[in-house]
Peer 1: 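What follows is a structure written as structure tokens; I'll ask about it next.
Protein chains get the first letters and strands the later ones, always in sequence-line order, with residue 1 at the start of each.
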Number of protein chains: 2
Amino acid sequence: MAARGGIDRFPLIDALDQAGVHVTEPRRAVARLVAEQVGYFTANDLVRAAGRRRLPVGRATVFRALDLFTALNLVERLDLPDGGHAYVACDAAHHHHVVCSACGRSVDASDSGIAEVVAGIAERTGFTIASHRLELFGLCPECARREPAGTPAATIPTATMSATRPS
Amino acid sequence: MAARGGIDRFPLIDALDQAGVHVTEPRRAVARLVAEQVGYFTANDLVRAAGRRRLPVGRATVFRALDLFTALNLVERLDLPDGGHAYVACDAAHHHHVVCSACGRSVDASDSGIAEVVAGIAERTGFTIASHRLELFGLCPECARREPAGTPAATIPTATMSATRPS
DNA sequence: CACGGGCTGAGATCGAGTCTCAACAGTCCC
DNA sequence: GGGACTGTTGAGACTCGATCTCAGCCCGTG
């Protein structure tokens, strides 16, 4: 529930504009829904949310918009351990996410230092590394405080984050 | 199926044994199939392979066996860049995978250096990182030689990883 | 030998994501 | 101002990977 009720200008929408993509009403609606999500969300979450609020967006359009956002690096795709997929809104710059497996919140983490690790692995294996993905999961400060280590109360399945980027 | 003279013994099967799990014929069959795979494979690859060779394994059993193997860390689950899922057989020790996107071969890579990166991220974000996973995609030395950088892997022979999947 | 628990297979079912296609909207050109 | 064009949309059918159900079977145990 981020900035709501304001003019329809979100970073997301600005970015669409800048990317030379048509900013249509359905896309705006999806962008708004994305901006309101806390933590990660699935495509179906958006479809349901849109339906609940009678927004003018069809299911296919939600998927298309998410594809578009993903292509523009405005949202990042998560791979849940259960095989499903989810998304998180984020900056366009390449980075990784640390996902709280209790509340689902996701925080950006720069990948400082990983480049060297990747380079090292490339050298050792002889592979030409085209992209990498780093997945981190654990507990955010709040949840860690609420559930001292060891409490298996986490209801949300451990989400694994993946930011695949061409290197 | 090759070695028919004697009891089939694979590291996989030994591990099942040690884990106190029943080593049944279907599980043995799945283990054998897994051991025969080159590179990564999907659950469906195994199902098809089993069917092709008339092995006594049902679809559900393949999935169950893979779950079991995954739980025992005998097999690692990969999230392919295209959102699909695959598996690779591997050691139980923690490590990472470098996957060739042309031939599908997967090589283990020690995670030297990543621990520091993860620690740094944990410190910066305040998260308690429970686990991490790093996956690297690129070209193995052979494929890189065959397809010099820049050449789009138009004719991917075996496993396709980013484009279409054989139907 | 009888019993009980775990494992199995076949098929039904679920559900995420894709594809098709006609209709529509916004933009550009004349 | 009008017409044409291109890109977008929505509804729903469809695909296909994955899971669930459930009765039957097998193995180890007492």
Peer 1: Output all residues satisfying salt bridge (Lys or Arg N to Asp or Glu O under 4.0 Å) with Arg105(B), sequence neighbours left out; order by chain, then residue number.
Peer 2: Glu142(B)

Peer 1: In chain order, what residues pass the side chain to side chain contact (heavy atoms under 4.5 Å, CB included) check against Ala122(B), with sequence neighbours excluded?
Peer 2: Ile129(B)

Peer 1: Determine whether Ile121(B) and Leu134(A) make a side-chain contact, defined as any pair of heavy atoms from C-beta on separated by less than 4.5 Å.
Peer 2: yes

Peer 1: To the nearest angstrom, how far is Leu16(B) atom CG from dC7(C) atom C1'?
Peer 2: 13 Å

Peer 1: Rounded to the nearest Å, what distance is computed from the CZ atom of residue Arg27(A) to the C1' atom of nucleotide dC24(C)?
Peer 2: 14 Å

Peer 1: Applying side chain to side chain contact (heavy atoms under 4.5 Å, CB included), can you list everything that pairs with Val88(B), at least two apart in sequence or on another chain?
Peer 2: Tyr40(B), Glu76(B), Leu78(B), His97(B), Ser106(B)

Peer 1: Looking at residues at least two apart in the chain, or sitting in another chain, which of them share a salt bridge (Lys or Arg N to Asp or Glu O under 4.0 Å) with Asp45(A)?
Peer 2: Arg48(A)

Peer 1: Could you write nucleotides 12-21 of chain C as a row of B, S and -, 5' to 3', where a protein heavy atom under 4.0 Å of any base atom gives B, of only sugar-phosphate atoms gives S, and otherwise -?
Peer 2: B---SBBBB-

Peer 1: Holding to side chain to side chain contact (heavy atoms under 4.5 Å, CB included), I want the full list of residues that pass it with Arg64(A), two or more places apart in sequence or in another chain.
Peer 2: Ala60(A), Thr61(A)

Peer 1: Distances under 3.5 Å between protein N/O atoms and the N/O atoms of nucleotides 24-30 of chain D, please, pair by pair.
Peer 2:
none

Peer 1: Please confirm whether the shortest side-chain N or O distance from Thr61(A) to OP1 or OP2 of dT8(D) is below 4.0 Å.
Peer 2: no

Peer 1: Nearest whole Å is fine: how far is dT8(C) P from Leu66(B) CG?
Peer 2: 12 Å

Peer 1: Give the rounded distance in Å between these two atoms: CG of Leu55(A) and P of dG10(D).
Peer 2: 10 Å

Peer 1: Under the rule for side chain to side chain contact (heavy atoms under 4.5 Å, CB included), what residues qualify as partners of Ala43(A), not counting sequence neighbours?
Peer 2: Phe63(A), Leu66(A), Tyr87(A)

Peer 1: Do His22(A) and Arg27(A) have side-chain atoms, one donor and one acceptor, less than 3.5 Å apart?
Peer 2: no

